Amino acid sequence: MIKSKADYKYYLGRDRIALNVKSTTLERKIIDVISPNPIYTFQKRMRKLEFYTNCKNKGLTKLYIAYLKYKFKKISIRLGFSIPINVFGPGLSIVHYGTIVINKATKVGANCRMHACVNIGASGGSPKAPQLGDNIYIAPGAKIYGDITIANNTAIGANAVVNKSFEKENTIIAGVPAKVIGDVDISQIIKHL
């Protein structure tokens, strides 16, 4: 969670690397004008809203936060994302825009790579949602729900339905319901590690 200006810059930097966005400020400005990357724009707005909500929530800044919420909601709707703030750690990589729904009680560690049509949420009226570790790959269409935990360095297969905890690291889980189907070197899937 972003708690300072240094955290904010760190999260933005890790997200930029995860999305493979050019590194220099001038290059980024030129690319944003010529051919904007809507997912990176979404993530920048999300991180800015997280920073101001967590660190600057006083006085007139509340008006600016309301403006940031408006801009964030506008791009969220355009891209099909229902992703609340303060859920993902640094290094988030959303691969495609399209329907992605995340519960606000969910927590995901650093370096998550996620595709379209992912749903992560609570189950059975419980307010508790999944807690995912660092270096998680989520393939298209995965559904992850309930009061569960997923270990670090886990790859979740396409259209998997994950409704129980998986504590072993370096595994691939897939199927309906999901089960461990093998071991994985997550750095082969998440290239920016």
Side-chain angles (χ1 to χ4, degrees), residues 1-2 11 14-15 18-19 38-39 42-43 45-47 49-50 53-54 69 72-73 75-193:
M1 182 182 297
I2 296 173
Y11 275 58
R14 294 300 303 164
D15 288 356
L19 289 168
I39 293 172
F42 168 83
Q43 288 186 212
R45 288 184 185 170
M46 180 177 72
R47 297 308 187 188
L49 181 57
E50 287 173 349
T53 300
N54 298 343
K69 284 180 182 177
F72 179 66
K73 184 175 182 179
I75 195 166
S76 295
I77 291 169
R78 186 169 62 118
L79 297 177
F81 298 161
S82 180
I83 301 175
I85 62 171
N86 296 320
V87 169
F88 289 95
L92 173 62
S93 175
I94 301 172
V95 181
H96 306 285
Y97 49 89
T99 306
I100 297 176
V101 179
I102 311 292
N103 184 289
K104 67 180 179 181
T106 300
K107 295 294 178 216
V108 182
N111 304 312
C112 177
R113 183 171 174 84
M114 180 172 51
H115 288 266
C117 298
V118 168
N119 189 320
I120 305 175
S123 175
S126 171
K128 295 183 179 179
Q131 309 298 300
L132 286 67
D134 295 337
N135 310 323
I136 302 291
Y137 173 78
I138 307 171
K143 310 300 182 249
I144 307 162
Y145 62 92
D147 183 14
I148 63 172
T149 58
I150 305 294
N152 296 337
N153 306 312
T154 299
I156 300 170
N159 297 314
V161 176
V162 184
N163 62 355
K164 66 179 183 178
S165 294
F166 290 89
E167 303 294 333
K168 186 178 177 213
E169 293 188 11
N170 302 304
T171 58
I172 300 172
I173 58 177
V176 180
K179 62 183 178 185
V180 175
I181 61 168
D183 295 332
V184 68
D185 176 5
I186 203 73
S187 67
Q188 297 299 311
I189 301 171
I190 304 175
K191 299 291 185 184
H192 69 276
L193 294 179

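These numbers come from the heavy atoms of this one structure, side chains and all, not from hydrogens, waters or symmetry mates. None of the values given here were measured: they were computed from a predicted structure.
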Fill in: Sub-4.5 Å side-chain heavy-atom contact between Y145 and V161
yes
Worksheet item: What is the distance from atom CD1 of I102 to atom NZ of K104, rounded to the nearest 0.5 Å?
Response: 14.5 Å
Practice prompt. For N153 and I186, indicate whether the former's side chain and the latter's backbone hold a donor-acceptor pair under 3.5 Å.
Written response: no
Discussion item. Let me confirm one number: the CD1-CZ distance from I172 to F166, rounded to the nearest 0.5 Å.
Written reply: 12.5 Å
Discussion item. Between H192 and I190, is there a side-chain heavy-atom distance shorter than 4.5 Å?
Written reply: yes
Worksheet entry | Side-chain heavy atoms of P38 within contact of R78, under 4.5 Å | yes
Worksheet entry | Donor-acceptor contact below 3.5 Å, side chain K143 vs main chain G141 | yes
Fill in: Distance (rounded to the nearest 0.5 Å) between N54 CG and I85 CD1
6.0 Å
Response to the item:
Between I136 and G133 the two heavy atoms that sit nearest each other are CG1-O, 3.1 Å
Fill in: I94 side chain near F42 side chain, heavy-atom distance below 4.5 Å
yes
Worksheet, complete the sentence: Taking every heavy atom of G157 against every heavy atom of A139, the minimum-distance pair comes out as C-CB, 3.5 Å
Worksheet item: Under 6.0 Å from the NZ atom of K107, do we count more than 12 heavy atoms belonging to anything else shown?
Response: yes
Discussion item. For M1, is there any backbone N or O sitting under 3.5 Å from a side-chain donor or acceptor partner on Y11?
Written reply: yes
Worksheet item: Is the backbone of N86 close enough, under 3.5 Å, to the side chain of E50 for a donor and an acceptor to pair up by distance?
Response: yes
Worksheet entry | Heavy-atom pair of closest approach, residues N159 and V176 | O-CG2, 3.7 Å
Item to complete: With side chain to side chain donor-acceptor pair (under 3.5 Å) as the test, would you mind laying out the steps for N152 and D134 before giving the verdict?
Response: CA-CA 5 Å; N152 296 337; D134 295 337; 4.8 Å; no
Item to complete: Return yes if some donor-acceptor pair links the side-chain N/O of S82 with the main-chain N/O of V101 below 3.5 Å, else return no.
Response: no
Discussion item. Quick one: does any side-chain atom of Q43 pair with a main-chain N or O of L92 as donor and acceptor, under 3.5 Å?
Written reply: yes
Worksheet item: Any donor-acceptor pair under 3.5 Å linking the side chain of Q131 with the backbone of A129?
Response: yes
Worksheet item: From I138 CD1 over to N119 CG, what is the distance, rounded to the nearest 0.5 angstrom?
Response: 10.5 Å
Practice prompt. Working to the nearest 0.5 Å, report the span between OG of S165 and CD1 of I150.
Written response: 6.5 Å
Item to complete: Heavy atoms only: give me the nearest G121-P130 pair and the separation to one decimal.
Response: O-CD, 3.3 Å
Discussion item. For a quick test of reading the model, state the closest non-hydrogen atom pair linking R47 to G89 and the distance between them.
Written reply: NH2-O, 2.8 Å
Discussion item. Which label fits H115 and H96: parallel for a plane angle under 30°, tilted from 30 to 60°, or perpendicular past 60°?
Written reply: tilted
Worksheet item: What are the two closest heavy atoms between A160 and A174, and how far apart are they?
Response: CB-CA, 4.0 Å
Worksheet entry | Pairwise distance CG(D15) to CZ(F88) - rounded to 0.5 angstrom | 10.5 Å
